[in-house]
Colleague: 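Following this message is one structure expressed as structure tokens.
Remember, it's a predicted structure, so these values are computed and weren't measured experimentally. In the text below, chain A, chain B and the rest are named by the order of the sequence lines, each starting its count at 1.
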Amino acid sequence: MPEMPEVETLCRQLRNKICQKKITGCRMDDAKLPAMKNLEGKEVIAVERRGKTICLSLDDESFIKIHLRMSGRLLWVEEAIKPKYVRWTLRFSDGKILLIDPRRFATVNLQKTNRESLKNDLMAGFDEKRFLESQAKRKVNIKTLMMDPKAMAGIGNIYACEILHRSKISPFRKADALTPSEWRCLFKNAKIIMKEAIEKRGTSISDWRDLYGRKGEYQDELQVYGREAMPCRICGENIVRVKQGSRSTYYCPCCQK
DNA sequence: AGAACCGCCTGCTTGC
DNA sequence: TGCAAGCAGGCGGTTC
């Protein structure tokens with residue numbers, strides 16, 4: 001499932017592929033998605049990531065917002081092929097972008113404003129002081145907090161598990177019990193892991209593919225996610241999986257306190 | 001107000 | 001083998 005590194009990978013590839021190009025057509029193939037009329041002739045002037053949202057800025061000051069949710073993918077296609085589960089097509093003169101989404105959770109829409117904040121995006125304008133003022137007193141599990149998009153945008157289940165493991169913090173700890181040095185450690189490792197995962201073009205543990213259909217390589221670096229009953233690469237203790245809310249959390253009971 | 005829970009979706013895996 | 005149940009989970013909305 002696409003999280004920040006995967007969405008960032010797509011944004012970088014989209015930027016190279018469609019900036020300064022004019023849209024030549026748009027087609028919805030899912031009645032759930034809103035019709036987006038009169039896109040023909042508009043030019044894409046920028047591609048931005050805000051949390052896990054992809055923003056295509058157009059030359060008339062409107063924005064196409066794409067959120068891939070669980071199973072969404074974007075694929076650049078130049079030939080006349082038609083994969084399964086195509087929900088939306090955006091055409092350019094030299095090819096087209098397909099939104100492929102078996103589970104139909106992904107959303108696409110046209111907006112007049114770009115109001116997603118960057119202040120809670122770890123790799124953009126993240127404001128640690130502001131974050132701690134608003135979040136550090138909360139009585140939720142630290143892992144739940146990390147996955148709250150209003151608190152920390154872009155972190156999903158895989159990277160939340162990985163960041164906590166590298167920070168040696170138990171996923172059961174309440175946010176209001178973390179010490180200042182633990183928060184610093186968490187922010188630092190989150191940024192490091194995001195950077196490493198972006199360099200590897202994301203984690204293809206299941207169906208993630210980049211704009212050109214290629215797998216990422218960060219799945220080879222995972223320390224805990226998907227490694228239930230396998231030995232921790234740090235201490236050798238078996239990795240444990242538990243349910244937190246409705247989500248699987250993987251952690252090392254020996255390393256993470 | 002804040003924490004917990006629900007519903008949207010459907011392909012794939014597991015169990016009888 | 002076949003079918004049903006269970007699972008994957010981001011996130012906005014609802015409930016407690």
Side-chain angles (χ1 to χ4, degrees), chain A residues 1-11 28-34 49-55 65-75 83-88 98-109 111 113 115-117 119-123 131-164 171-178 190 194 197 202-209 215-216 219 222 224-229 239-251:
Chain A
M1 51 246 57
E3 300 182 32
M4 182 209 286
E6 291 76 23
V7 176
E8 178 65 27
T9 297
L10 279 178
C11 283
M28 287 296 176
D29 288 299
D30 185 342
K32 256 186 81 173
L33 296 172
R49 181 186 60 75
R50 303 254 172 142
K52 295 180 193 163
T53 302
I54 299 167
C55 304
K65 302 286 180 76
I66 305 165
H67 198 302
L68 299 171
R69 308 276 167 159
M70 304 296 303
S71 60
R73 291 172 48 195
L74 295 180
L75 184 67
K84 273 187 166 179
Y85 316 121
V86 173
R87 309 300 183 194
W88 177 59
L98 306 179
L99 169 62
I100 299 171
D101 185 24
R103 292 171 64 184
R104 302 173 64 211
F105 279 172
T107 55
V108 187
N109 56 70
Q111 293 180 10
T113 56
R115 67 174 89 85
E116 282 87 0
S117 171
K119 290 199 169 55
N120 56 1
D121 189 316
L122 274 166
M123 300 306 276
F131 175 91
L132 290 173
E133 284 165 5
S134 63
Q135 304 296 329
K137 293 191 291 283
R138 290 181 60 184
K139 298 181 190 308
V140 288
N141 293 328
I142 180 59
K143 191 203 172 215
T144 303
L145 177 64
M146 290 170 73
M147 292 175 63
D148 177 349
K150 291 188 196 67
M152 218 182 247
I155 311 284
N157 203 29
I158 297 173
Y159 294 107
C161 292
E162 294 297 316
I163 292 163
L164 286 172
F172 303 116
R173 295 278 299 285
K174 303 292 183 197
D176 68 354
L178 264 63
M194 292 296 112
T203 300
S204 291
I205 201 165
S206 56
D207 48 10
W208 157 251
R209 299 292 184 278
K215 289 187 173 190
Q219 62 276 16
L222 296 178
V224 287
Y225 188 88
R227 300 193 68 245
E228 183 180 18
I239 301 299
V240 171
R241 169 159 75 148
V242 294
K243 282 278 182 188
Q244 283 187 302
S246 61
R247 296 168 184 96
S248 285
T249 294
Y250 298 85
Y251 74 107

Colleague: Do the side-chain N or O atoms of A/H67 get closer than 4.0 angstrom to the phosphate oxygens (OP1, OP2) of C/dG10?
Modeller: no

Colleague: Remember a base hit wins even if backbone is also touched, and classify A/Y159 as base, sugar-phosphate or nothing at under 4.0 Å, heavy atoms.
Modeller: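 The answer is nothing, as A/Y159 stays clear of every strand by at least 4.0 Å.
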
Colleague: Over all strands shown, is A/M70 touching base, sugar-phosphate only, or nothing at heavy-atom distances under 4.0 angstrom?
Modeller: base

Colleague: Would you mind reading off the distance between A/L145 atom CG and C/dC11 atom C1', rounded to a whole angstrom?
Modeller: 15 Å

Colleague: Using the rule given for side chain to side chain contact (heavy atoms under 4.5 Å, CB included), can you reason through A/L33 versus A/R104, listing the C-alpha separation, both sets of side-chain angles and the distance that settles it, and then say yes or no?
Modeller: CA-CA 9 Å; A/L33 296 172; A/R104 302 173 64 211; over 6 Å; no

Colleague: Looking at A/R69, does any N or O in its side chain come under 4.0 Å of the phosphate oxygens OP1/OP2 on B/dC8?
Modeller: no

Colleague: Is any side-chain N or O of A/K52 closer than 4.0 Å to OP1 or OP2 of C/dG10?
Modeller: no

Colleague: Could you tell me whether a side-chain N or O of A/Q244 sits under 3.5 Å from a main-chain N or O of A/P171, the two making a donor and an acceptor?
Modeller: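 The answer is yes, because a donor-acceptor pair under 3.5 Å joins these two groups.
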
Colleague: A/R247 has an atom CZ; how far is it from atom P of B/dC5, in whole Å?
Modeller: 12 Å

Colleague: Rounded to the nearest Å, what distance is computed from the CE atom of residue A/M147 to the P atom of nucleotide C/dG12?
Modeller: 13 Å

Colleague: I'd like a table of atom pairs between the protein and nucleotides 10-13 of chain B - only N or O on both sides, under 3.5 Å - with the distance next to each one.
Modeller:
{"from": "B/dT10", "atom 1": "OP1", "to": "A/R104", "atom 2": "NH1", "distance (Å)": "2.6"}

Colleague: Between A/D101 and A/R69, does at least one N-O distance fall below 4.0 Å, as a salt bridge requires?
Modeller: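 Salt bridge between A/D101 and A/R69, a charged N being under 4.0 Å from a carboxylate O: no.
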
Colleague: If you assign each of A/S246 and A/V140 to its closest nucleotide in DNA chain B, which residue comes earlier from the 5' end?
Modeller: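 Result of the comparison: A/V140.
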
Colleague: Could you give the CG-to-P distance, from A/L99 to B/dC9, as a whole number of Å?
Modeller: 15 Å

Colleague: Give the rounded distance in Å between these two atoms: CG of A/N109 and C1' of C/dG12.
Modeller: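 Distance, rounded to whole Å: 14 Å.
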
Colleague: CD of A/Q244 versus P of C/dA8: gap in Å, rounded?
Modeller: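 Taking atom P of C/dA8 as the reference, CD of A/Q244 is at 13 Å.
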
Colleague: Output yes when at least one side-chain N/O atom of A/K243 is less than 4.0 Å from OP1 or OP2 of C/dC7, else no.
Modeller: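 No, outside the criterion.
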
Colleague: Could you go through the side chain to side chain contact (heavy atoms under 4.5 Å, CB included) check for A/Y85 and A/D30 one step at a time?
Modeller: CA-CA 9 Å; A/Y85 316 121; A/D30 185 342; over 6 Å; no

Colleague: Using the side-chain hydrogen bond (donor to acceptor under 3.5 Å, both in side chains) criterion, which residues pair with A/E228? Sequence neighbours excluded.
Modeller: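 side-chain hydrogen bond (donor to acceptor under 3.5 Å, both in side chains) check on A/E228 returns A/R241.
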
Colleague: Check the phosphate of C/dC11 against A/K150, side-chain N and O only, distance under 4.0 Å to OP1 or OP2. Yes or no?
Modeller: no

Colleague: Answer yes or no: are there more than 12 heavy-atom neighbours, outside A/K32 itself, under 6.0 Å from its atom NZ?
Modeller: yes

Colleague: Could you give the CE-to-P distance, from A/M146 to C/dG10, as a whole number of Å?
Modeller: 12 Å

Colleague: Regarding A/S248, tell me which of base, sugar-phosphate or nothing describes its non-hydrogen contacts under 4.0 Å with the strands shown.
Modeller: sugar-phosphate

Colleague: Atom CG of A/D148 to atom C1' of C/dG12: distance rounded to whole Å?
Modeller: 11 Å

Colleague: Start with the C-alpha distance between A/L10 and A/L68, add both sets of side-chain angles, then the distance that settles side chain to side chain contact (heavy atoms under 4.5 Å, CB included), and finish with yes or no.
Modeller: CA-CA 11 Å; A/L10 279 178; A/L68 299 171; 3.5 Å; yes

